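Everything below concerns the one structure shown next.
In what follows, residues are counted from 1 in the order of the sequence shown. Small disclaimer: the values here were computed from a predicted structure and weren't measured. Below, each value reflects all heavy atoms present in this structure, side chains not excepted, and no hydrogens, waters or symmetry copies.
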Amino acid sequence: MPDQTNIPETPSATSRRGLMKGVAAMAPVAMMAGGADAATPNRSRLQRTVEAGKDASVARIRDWIANPTIAAQGLNIQQGAQYMEQLARDAGFQHTEIVQTDGSPGVFATLDVGAPKTVGVYFMYDVKQFDPAEWSSPPLEGRIIEKEGFGQVMMGRGAVNQKGPQGAFLAALHAMRAAGITSPVNIVLVCEGEEEIGSPHFHQIVRRPDIMAALQRTQGVFIPSASQETTGAVTVELGAKGIIECELTASGARWGRGPARDVHSSLKAMLDSPVWRLVHALETLVSEDGNTVAIEGWYENVRAMTARELELVALQAREQSEADFKRVYGVQHFIDDLPWEQALQRLASQPTVNIEGLVAGYTGPGGKTVLPGSGAAKLDFRLVPNQTRAEAERKLRAHLDAKGFSDVEVNVTGGYDPTETAENSRLVQAQLAVCRSLRIETTLTPRSAGSWPGAVFTAAPVSVPAAGFGLGFGTGAHAPDEYFVIDSSNRHVLGLTDVTLSYIDFLYELAR
């Protein structure tokens with residue numbers, strides 16, 4: 001799902017697969033307490049150690065940025081896994097191994113300190129494609145630059161998605177070792193190199209019997225992230241939508257009508273157009289306004305929002321500024337001109353069909369009179385509880401066949417089911433406790449409007465909670481000039497040193 005759009009410096013601009021965190025991340029205070037819940041022993045000594053190791057941490061993230069793995073381009077696939085394994089080994093994991101799949105390999109590592117409790121951690125080591133011409137700083141150099149309103153930031157592809165936050169977590173492990181302090185929990189690390197293409201083979205890693213058994217012994221699995229907004233506030237997500245990424249292709253060769261290759265457009269008077277056929281196939285997927293999925297049976301398993309979810313959305317609507325949202329995203333109206341609260345409900349509860357891009361014929365400067373022999377549409381389908389990827393794929397294919405488009409090819413490149421994690425889970429409560437101890441304002445949202453492969457953990461057979469956690473700030477995921485804050489000049493936003501310490505706090509809170 002290439003996305004080179006320049007995302008503005010706004011709440012949810014750190015998104016990983018679309019609108020990560022949902023719009024609730026714009027909310028100010030929803031819950032806050034003053035108690036130091038995350039009681040971290042020797043925190044002053046750890047802080048000194050983290051500060052002493054800061055330059056090494058910066059160098060580690062910069063070096064990682066200089067070694068990109070891009071699954072969509074087949075770039076550095078094996079090398080990326082080897083690099084990730086070395087990072088885990090250097091951070092103190094006693095067992096590390098590269099796990100081969102039918103696609104890109106992953107990495108499995110364990111840190112066993114004999115602690116009573118164990119936590120799982122998910123890393124992605126791949127990044128999105130990039131065009132250096134669109135960047136103000138070379139995307140693989142990880143330069144430190146001054147960003148007005150934020151201070152010193154590291155700019156580079158993967159800086160916030162996810163190498164900066166993941167590098168901060170590794171820095172926390174390095175700091176504990178350097179301070180001679182044993183981790184308060186055992187850690188199970190699982191990494192993949194295909195997140196940016198929809199994690200098509202990640203389940204092969206997670207469901208390997210010994211890896212699955214290790215994950216099932218954890219309190220849950222979290223993904224390090226930079227979750228603070230410009231105000232310093234944090235939104236804790238109780239889930240994420242699922243996703244299918246696919247391409248629909250119509251061609252004269254497969255259809256048996258129209259040209260098998262691009263021909264002169266004057267021949268349109270006597271030949272059918274595969275591209276118009278693709279357009280008509282796309283039109284059948286949604287209502288006339290494009291806002292309701294028209295695929296047969298698409299909504300039969302969609303779960304209505306619970307009373308608690310509606311309560312959380314109502315809180316978001318009261319705390320957030322509709323005007324700010326519209327300004328940030330350059331919109332004037334919501335679907336059906338819905339009021340703010342109902343628009344937020346729709347964001348959290350509705351599945352979607354989105355056209356990411358259309359490719360056919362000539363797209364360069366000026367005109368070129370051709371009748372294309374084929375056309376392709378890049379689509380993503382966002383799924384909500386209780387939809388599944390398998391169900392959605394089956395219904396999409398059946399719909400096209402029933403509408404007479406059996407020749408239109410569907411190539412699913414990746415995807416996964418929606419994710420839900422209970423509000424009272426240790427992962428969620430530990431996040432809230434750490435934020436309280438640091439006096440960081442937090443709010444809850446039913447789910448992110450974006451997606452990550454947490455369902456691989458939450459669904460059977462693994463069946464453990466999964467969520468994100470991480471402080472600090474960055475933006476530009478999937479876009480030019482992506483960055484992660486290193487030394488913050490914004491008193492509300494943590495820099496790398498404090499982000500690193502917050503991961504240590506989080507581990508101690510999980511150990512309580």
State, to 0.1 Å, how close [X] and [Y] come at their nearest heavy-atom pair, and which atoms those are.
X	Y	answer
Ser104	Ala71	OG-CB, 4.4 Å
Ala449	Leu347	CB-CD1, 3.6 Å
Ala430	Phe506	CB-CE1, 3.5 Å
Gln219	Leu510	NE2-O, 2.8 Å
Leu507	Ser183	CD1-OG, 4.4 Å
Val107	Ala81	CG2-O, 3.4 Å

Can you tell me how far [atom2] of [Y] sits from [atom1] of [X], rounded to the nearest 0.5 angstrom?
X	Y	atom1	atom2	answer
Ile244	Ser451	CD1	OG	10.5 Å
Gln82	Asn67	CD	CG	11.0 Å
Leu215	Phe108	CG	CZ	7.0 Å
Ile98	Ile205	CD1	CD1	11.0 Å
Phe469	Leu427	CZ	CG	10.5 Å
Met212	Gln216	CE	CD	5.0 Å

Under 3.5 Å, is there a donor-acceptor pair linking the side chains of [X] and [Y]?
X	Y	value
Gln316	Thr445	yes
Gln73	Gln129	no
Arg426	Gln429	no
Asp102	Gln204	yes
Glu85	Thr96	yes
Asp498	Gln47	no
Glu192	Ser199	yes
Gln320	Asp324	no
Thr118	Asn186	yes
Asp481	Ser136	yes

Side-chain ion pair, [X] and [Y], N-O less than 4.0 Å:
X	Y	value
Arg308	Glu311	yes
Lys54	Glu51	no
Asp380	Lys241	no
Arg60	Asp90	no

Decide yes or no for [X] and [Y]: does some side-chain heavy atom of the first lie under 4.5 Å from some side-chain heavy atom of the second?
X	Y	value
Val185	Ile187	yes
Leu46	Thr40	yes
Arg143	Met154	no
Phe123	Leu170	yes
Asn354	Leu379	no
Ile70	Val127	yes
Asn161	Phe484	no
Ile144	Met155	no

- Taking the six-membered ring where the residue is Trp, are the ring centres of Tyr125 and Trp64 under 6.0 Å apart?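 That pair fails the under 6.0 Å test.
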- Query: Looking at Phe473 versus Phe150, is the centre-to-centre ring distance below 6.0 Å?
  - Reply: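 Yes, they do, as the ring centres are separated by less than 6.0 Å.
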- For Leu312 and Leu444, run side-chain contact (heavy atoms from CB on, under 4.5 Å): C-alpha distance rounded to whole Å, both residues' side-chain angles, the deciding distance at 0.1 Å, then the answer. CA-CA 7 Å; Leu312 291 175; Leu444 290 169; 3.8 Å; yes
For [X] and [Y], indicate whether the former's side chain and the latter's backbone hold a donor-acceptor pair under 3.5 Å.
X	Y	answer
Lys378	Ile355	no
Glu420	Pro465	no
Thr218	Gly220	yes

- Name of the residue among Glu482, Glu141, Glu196, Glu134 meeting salt bridge (Lys or Arg N to Asp or Glu O under 4.0 Å) with Arg157: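 With Arg157 as partner, Glu482, Glu141, Glu196, Glu134 yield a single salt bridge (Lys or Arg N to Asp or Glu O under 4.0 Å), made by Glu482.
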- Message: For a side-chain contact (heavy atoms from CB on, under 4.5 Å) check, start with the C-alpha distance between Phe202 and Tyr416, then their side-chain angles and the critical distance, and finish with the verdict.
- Response: CA-CA 10 Å; Phe202 186 49; Tyr416 30 79; over 6 Å; no
- Item | Verdict with supporting geometry, Val462 and Thr458, side-chain contact (heavy atoms from CB on, under 4.5 Å) | CA-CA 7 Å; Val462 182; Thr458 59; over 6 Å; no
- Begin from the C-alpha positions of Asp63 and Tyr83 and carry the test side chain to side chain donor-acceptor pair (under 3.5 Å) through to its verdict. CA-CA 10 Å; Asp63 192 54; Tyr83 192 92; 2.5 Å; yes
- Message: Quick check on side-chain contact (heavy atoms from CB on, under 4.5 Å): which of Val221, Leu238, Val428, Val464 does Thr421 satisfy it with?
- Response: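 The single option meeting the side-chain contact (heavy atoms from CB on, under 4.5 Å) with Thr421 is Val428.
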- Just say parallel, tilted or perpendicular for the rings of Tyr503 and Phe222, cut-offs at 30° and 60°.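 The arrangement is parallel - the two ring planes meet at less than 30°.
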- I would like to know whether Asp487 and Leu496 meet side-chain contact (heavy atoms from CB on, under 4.5 Å); could you show each step before the answer? CA-CA 7 Å; Asp487 291 314; Leu496 178 61; over 6 Å; no
